[in-house]
There are 2 protein chains.
Amino acid sequence: MNEIRTAPNKYEKILENNNIKPTAMRLLVLQFLLNKNVATSLTDVENYFAKSDRTTLYRTLKTFVEKGISHKIDDGTGITKYALCEDNCRCEIDTDLHLHFHCTKCSETVCITEYKIPPIHLPKDYIAENVNLVVKGICDKCNSK
Amino acid sequence: MNEIRTAPNKYEKILENNNIKPTAMRLLVLQFLLNKNVATSLTDVENYFAKSDRTTLYRTLKTFVEKGISHKIDDGTGITKYALCEDNCRCEIDTDLHLHFHCTKCSETVCITEYKIPPIHLPKDYIAENVNLVVKGICDKCNSK
DNA sequence: TGCCCTATGCAACGGAAGTGCATTATTTGC
DNA sequence: GCAAATAATGCACTTCCGTTGCATAGGGCA
Ligand SMILES: [Mn+2]
Ligand SMILES: [Mn+2]
Ligand SMILES: [Zn+2]
Ligand SMILES: [Zn+2]
């Protein structure tokens with residue numbers, strides 16, 4: 001993680017396109033999230049950037065969610081996770097929501113974006129506004145060991 | 001003791017059938033849960049039984065889950081809820097798991113047992129062991145007001 | 001009655017999210 | 001370029017809930 005000084009790079013563009021001021025910390029966190037393919041907790045980020053302040057990182061992740069480049073994941077572990085959204089994601093119930101898989105062996109949580117959440121049947125007069133679908137089990141990596 | 005024991009009422013039977021000693025507190029909590037049709041938090045129980053101890057109630061609920069007469073619900077609010085299982089429930093993934101609906105207006109969470117959770121598609125090599133499906137929105141009662 | 005096992009009650013702990021506020025950095029107006 | 005305004009950061013502290021340790025009480029049984 002060193003190439004931050006190099007002119008308007010792709011990371012700065014991502015932030016600027018979403019009305020997020022590209023501060024040093026935000027760029028580093030964005031880069032960190034982009035390089036990970038699993039959902040990331042505040043503590044994960046905190047451990048990686050050992051020198052920086054938890055609150056700043058907390059608010060950075062919060063900003064990312066508010067500005068729409070990241071989504072918050074409640075995988076049932078009690079620890080909030082974050083993952084960058086796919087391109088053109090608007091976190092909408094019918095098009096963008098996907099299930100999250102939590103592996104009970106390696107404890108990692110991943111976005112399963114390949115399949116959409118199946119249509120949910122609800123009794124009369126219920127209105128769905130949001131869906132959280134979490135599957136726990138063994139992930140592909142752990143399964144092939 | 002040769003005396004004829006007083007016949008157990010239906011609450012005692014429920015507990016005894018599941019190897020739970022029917023103490024006074026447990027009977028009261030069971031009765032409370034049976035009379036509610038919404039998922040119940042420890043704090044709910046605590047408020048209802050104002051004089052009794054939080055830990056005892058906590059452990060009562062925990063015992064109910066361990067012995068299989070109740071299930072724990074993570075509705076995404078950060079507050080664990082409990083609801084009594086249906087008859088013959090073994091909390092198994094294919095037969096007993098149902099979705100939970102959390103109303104953002106009245107803040108109540110209910111078990112939707114009428115419909116089963118639809119089959120989940122997962123990528124190759126993933127093994128599902130458990131599913132948590134929570135839908136947020138407006139419940140029937142709030143919707144008809 | 002005395003023993004043992006369980007249930008109970010009180011207190012304290014721990015993790016994680018979130019907030020108040022002073023300080024520092026950056027932008028904006030002139 | 002300078003000063004005022006605005007935004008980001010850092011530190012301390014709080015709150016909320018779940019959980020545990022440990023001492024005491026109660027109830028079945030020899
Ligand atoms: Mn995701
Ligand atoms: Mn339920
Ligand atoms: Zn795994
Ligand atoms: Zn409602």
Side-chain angles (χ1 to χ4, degrees), chain A residues 4-5 8 11-12 15-16 18-30 32 39-67 69-82 102 107 109 132, chain B residues 1-6 8 11-12 15-16 18-30 32 39-67 69-82 102 107 109 132:
Chain A
I4 323 112
R5 296 292 172 190
Y11 306 112
E12 289 183 68
L15 295 184
E16 282 166 357
N18 290 277
N19 296 312
I20 305 168
K21 279 190 200 168
T23 67
M25 204 63 243
R26 287 170 176 172
L27 287 165
L28 288 168
V29 172
L30 174 62
F32 178 60
T40 306
S41 71
L42 172 57
T43 305
D44 291 336
V45 184
E46 196 188 348
N47 289 339
Y48 187 81
F49 299 105
K51 278 176 280 187
S52 75
D53 184 71
R54 223 190 80 249
T55 312
T56 301
L57 298 172
Y58 166 73
R59 288 196 266 235
T60 296
L61 294 171
K62 194 181 175 194
T63 300
F64 284 5
V65 173
E66 283 166 0
K67 298 293 187 176
I69 65 170
S70 176
H71 60 280
K72 221 172 167 177
I73 301 166
D74 176 1
D75 62 5
T77 60
I79 297 163
T80 304
K81 308 272 166 64
Y82 301 85
H102 177 77
S107 296
T109 298
N132 186 32
Chain B
M1 260 319 144
N2 293 331
E3 295 177 56
I4 299 167
R5 296 198 325 181
T6 52
Y11 305 113
E12 290 182 71
L15 295 184
E16 281 167 357
N18 290 278
N19 296 312
I20 304 169
K21 275 192 201 167
T23 66
M25 203 63 244
R26 287 169 176 173
L27 286 165
L28 287 168
V29 172
L30 173 62
F32 178 60
T40 306
S41 70
L42 171 57
T43 306
D44 292 335
V45 185
E46 197 189 349
N47 290 338
Y48 187 80
F49 298 106
K51 278 177 271 189
S52 76
D53 184 71
R54 180 181 172 71
T55 311
T56 302
L57 298 173
Y58 167 73
R59 286 195 267 236
T60 297
L61 294 172
K62 194 181 175 194
T63 300
F64 284 5
V65 173
E66 284 166 0
K67 298 293 188 177
I69 65 170
S70 176
H71 61 280
K72 222 173 167 176
I73 301 167
D74 176 1
D75 63 5
T77 61
I79 297 163
T80 304
K81 309 274 166 66
Y82 301 85
H102 176 78
S107 295
T109 298
N132 186 33

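Here is how names work: the chains are called A, B, and so on, in the same order as the sequence lines, proteins then strands, and each is numbered from 1. Keep in mind it's a predicted model, so treat the numbers as computed, not measured.
Side-chain atoms of B:Asn132 never come within 3.5 Å of backbone atoms of A:Gly76 as a donor-acceptor pair (strictly under, hydrogens ignored). In this structure, B:Arg26 contributes its side chain and B:Lys21 its backbone to a donor-acceptor pair below 3.5 Å. With A:Asn18 contributing its side chain and A:Ile20 its backbone, the two residues share no donor-acceptor pair below 3.5 Å.
Taking CG of B:Asn19 as the start and CD1 of B:Ile69 as the end, the distance is 11.0 Å to the nearest 0.5 Å. A distance of 12.0 Å separates CG in B:Leu42 from NZ in B:Lys81, rounded to the nearest 0.5 Å.
Two residues are said to be in side-chain contact when any heavy atoms from C-beta on lie closer than 4.5 Å; A:Thr40 and A:Phe32 meet this criterion.
Close approach of DNA chain D to chain A, defined as any atom under 4.0 Å from a non-hydrogen atom of the protein, starts and stops at D:dA7 to D:dA12. Interface limits on DNA chain C: the 5'-most and 3'-most nucleotides within less than 4.0 Å of chain A heavy atoms are C:dA16 to C:dG20.
At a threshold of 4.0 angstrom between heavy atoms, the contacts of B:Arg54 include nucleobase atoms, whether or not backbone atoms are also involved. Among the atoms of the strands shown, only primed sugar atoms or phosphate atoms (P, OP1, OP2) are found under 4.0 Å from some heavy atom of B:Thr23.
Residue order along DNA chain C, read from the 5' end via each residue's closest nucleotide, puts B:Arg59 first among B:Arg59 and A:Tyr82. Comparing A:Ser52 and B:Thr80 by the nucleotide of DNA chain D whose heavy atom lies nearest to each, the residue mapping closer to the 5' end is A:Ser52.
Here the closest non-hydrogen pair linking B:Lys72 and B:Val65 is N-CG2, 4.2 Å. Nearest approach of B:Ile79 to B:Ser41, heavy atoms of both residues: CG2-CB, 3.6 Å.
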